[in-house]
Number of protein chains: 2
Amino acid sequence: MKVVIIGSGSWGTALANVLADNHVDVTIYGINEDQVTDINENNQNSFFFKDILLNSEIKATGNFSVVEDADIILIATPSGIVKKICLDLYPILKNPVYIINVAKGFDPDTNDRLQVTIKDNLKEKLKSCISLIGPSHAEEVVIGLLTSVNAVSDDLEAAKIIQKIFSNNYFRVYTNTDVVGAEIGVALKNVMALASGILHGQKQGDNARAALMTRGLAEITRFGVANGADPQTYLGLCGVGDLIVTCTSVHSRNYQAGIIIGQADSADYFLKNNKKTVEGIKACKSVHAKASEIGVEMPITNEIYSVLYEGKKPSEAIDHLMARSLKSEWI
Amino acid sequence: MKVVIIGSGSWGTALANVLADNHVDVTIYGINEDQVTDINENNQNSFFFKDILLNSEIKATGNFSVVEDADIILIATPSGIVKKICLDLYPILKNPVYIINVAKGFDPDTNDRLQVTIKDNLKEKLKSCISLIGPSHAEEVVIGLLTSVNAVSDDLEAAKIIQKIFSNNYFRVYTNTDVVGAEIGVALKNVMALASGILHGQKQGDNARAALMTRGLAEITRFGVANGADPQTYLGLCGVGDLIVTCTSVHSRNYQAGIIIGQADSADYFLKNNKKTVEGIKACKSVHAKASEIGVEMPITNEIYSVLYEGKKPSEAIDHLMARSLKSEWI
């Protein structure tokens with residue numbers, strides 16, 4: 001079983017390390033020459049993990065033809081370029097492959113879930129698509145801290161193959177077949193993480209954050225169910241699990257972005273100067289469009305959309321959310 | 001409308017401050033003379049809130065007869081003495097009153113929920129019982145940070161009265177009529193907070209904590225539903241909301257206790273030296289007994305019970321939880 005990981009970023013590297021720890025043949029394809037060299041010569045990816053020694057069995061290459069004879073290809077890129085990767089893969093693949101996607105977001109062109117994009121663009125070259133997603137900061141996985149994630153696919157047998165090659169004593173993989181629910185959960189929690197960071201930046205505390213996450217989970221569930229998800233998924237690792245880890249951890253880029261926006265009481269400065277991938281910013285736009293289309297009430301997403309795309313002040317957005325009339329918890 | 005709060009601790013004081021901010025007539029009854037004097041003379045309760053000036057309309061007294069002509073009595077004591085308070089109140093009350101309970105636990109003698117204990121012991125002196133519970137650290141409420149909680153009662157009109165007198169621009173109260181579900185949720189999350197602290201003490205990270213809280217929420221829901229709760233409650237403030245705030249905040253005594261137990265890899269030292277109320281320790285015993293009785297699977301609660309009452313090492317408990325066989329998320 002030969003696995004190729006596309007993307008030498010932090011998550012791709014951490015997952016390669018898990019596979020190498022399990023003695024699986026794994027190669028990282030990366031476009032950054034320094035990172036490729038660092039992995040091959042020093043067993044490190046110092047740009048992301050300073051002073052961490054990776055498993056020496058990991059190989060890295062800048063040659064895309066490495067994908068040709070892969071059995072499994074894992075796409076570890078931002079959501080926005082998953083489609084491009086598929087278009088690049090399509091002509092070069094000789095046989096159908098398993099594709100693992102680990103990006104958490106939507107296709108920014110179509111607002112589709114990423115498994116839809118992958119299926120639409122790889123067609124007969126795709127054996128099955130599996131999302132490996134859940135509450136998992138790369139910084140912790142790479143040093144062997146306990147982590148649990150889902151292998152999500154409508155092909156349960158494929159999910160079990162992925163579960164088997166990744167699982168070990170620190171990395172636990174559970175199968176899940178609710179692709180719609182899980183993909184929506186992990187993408188939408190990034191919007192809530194922006195909101196959670198904004199609250200923190202506005203000097204609110206743990207009580208407000210817990211209330212936001214509670215309301216956020218209800219909002220994610222509402223949107224998911226309207227799109228055909230199983231509500232139970234939101235009580236699991238791709239629902240509440242990933243929401244918690246993203247909304248409370250300093251490792252989350254979305255949460256960090258929210259803090260800066262909250263402190264400035266404006267998204268302007270951040271949006272003009274940010275160079276990192278902050279998935280929640282694009283996901284918010286996709287979800288806002290979809291929710292309007294299908295008529296789902298999304299008060300938190302709407303306020304974050306107004307902050308990001310309509311110049312609304314975060315302090316006004318919070319006031320607006322708080323000022324809703326007193327009522328029972330579920331009306 | 002005259003409100004008496006029994007207990008001059010941090011939560012009783014913070015809630016008195018909310019009521020005084022809303023111009024409700026409120027008196028704190030406390031057994032600690034220094035605290036009573038501090039509140040009356042300095043508008044402070046310095047033992048709990050250093051350098052915080054309370055609303056000057058709050059009165060305090062050491063005379064229990066203050067309860068005689070109260071319309072509403074709020075019990076802000078540890079769970080273990082709620083029954084004693086009711087026994088003290090019963091002979092002295094002239095007319096039936098609304099009782100608000102804010103303790104989060106079970107009656108340690110009977111393993112009953114606290115509203116059951118209050119009803120059983122106040123009988124015809126009770127107009128209605130309302131629990132005011134949710135994700136709410138006193139330290140944040142007393143300085144006016146945004147907080148949302150539930151007023152939970154089978155008497156919806158009574159819950160609405162409590163909602164009305166407490167709500168303002170920083171303290172939001174939502175009504176909820178699932179008493180069984182809400183009381184179980186806020187009590188059981190203290191057991192999960194012990195587990196979360198133990199993970200932290202054992203140097204695990206945010207990924208492990210998120211997985212624990214996810215599995216913990218499933219376990220709480222399973223126990224609640226087996227006792228007649230509405231599962232939706234666990235997606236709300238008394239479920240996931242209170243779980244998040246308790247398992248991730250430095251303000252939580254249960255979480256702090258777990259850290260010490262985790263660091264020592266033993267509960268021994270903590271149990272011998274602790275003098276504070278750590279509700280999760282007693283709640284774990286009550287839930288463990290009840291779960292065995294009704295046959296609900298509680299893997300996390302069982303491990304914490306073994307650590308607290310059977311001398312099991314936390315590191316062994318974690319290994320045991322992780323070693324369960326690979327499977328789908330919901331089997």
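Letters go in sequence order (proteins before strands), and every chain restarts at 1.
- Contact record, A210(A) with G241(B): CB-O, 3.5 Å, taken as the closest heavy-atom pair.
- A distance of 12.0 Å separates CD in Q204(B) from OH in Y170(A), rounded to the nearest 0.5 Å.
- Chosen from C238(A), A159(A), G134(A), S249(A), the residue pairing most often with chain B at heavy-atom distances under 4.5 Å is S249(A).
- Annotation for K313(A): atom NZ does not count as buried by contact number, only 12 or fewer foreign heavy atoms lying within 6.0 Å.
- Proximity of L146(A) to N207(B): side-chain heavy atoms (C-beta onward) are nowhere separated by under 4.5 Å.
- The contact between N169(A) and chain B is made entirely by backbone atoms, counting heavy-atom distances below 4.5 Å.
- I244(B) CD1 to T214(A) OG1: the interatomic distance, rounded to the nearest 0.5 Å, is 5.0 Å.
- Each of V245(B), T147(B), L145(B) was checked for a side-chain contact (heavy atoms from CB on, under 4.5 Å) with D206(A), and the lone residue meeting it is V245(B).
- Between chain B and the options G239(A), A211(A), S148(A), S136(A), the largest number of non-hydrogen pairs under 4.5 Å is found for S136(A).
- Contacts of I318(B) with chain A are made by side-chain atoms alone, with heavy-atom separations under 4.5 Å and no backbone atom involved.
- Neither the backbone nor the side chain of V149(A) comes within less than 4.5 Å of any heavy atom of chain B.
- Neither the backbone nor the side chain of K160(A) comes within less than 4.5 Å of any heavy atom of chain B.
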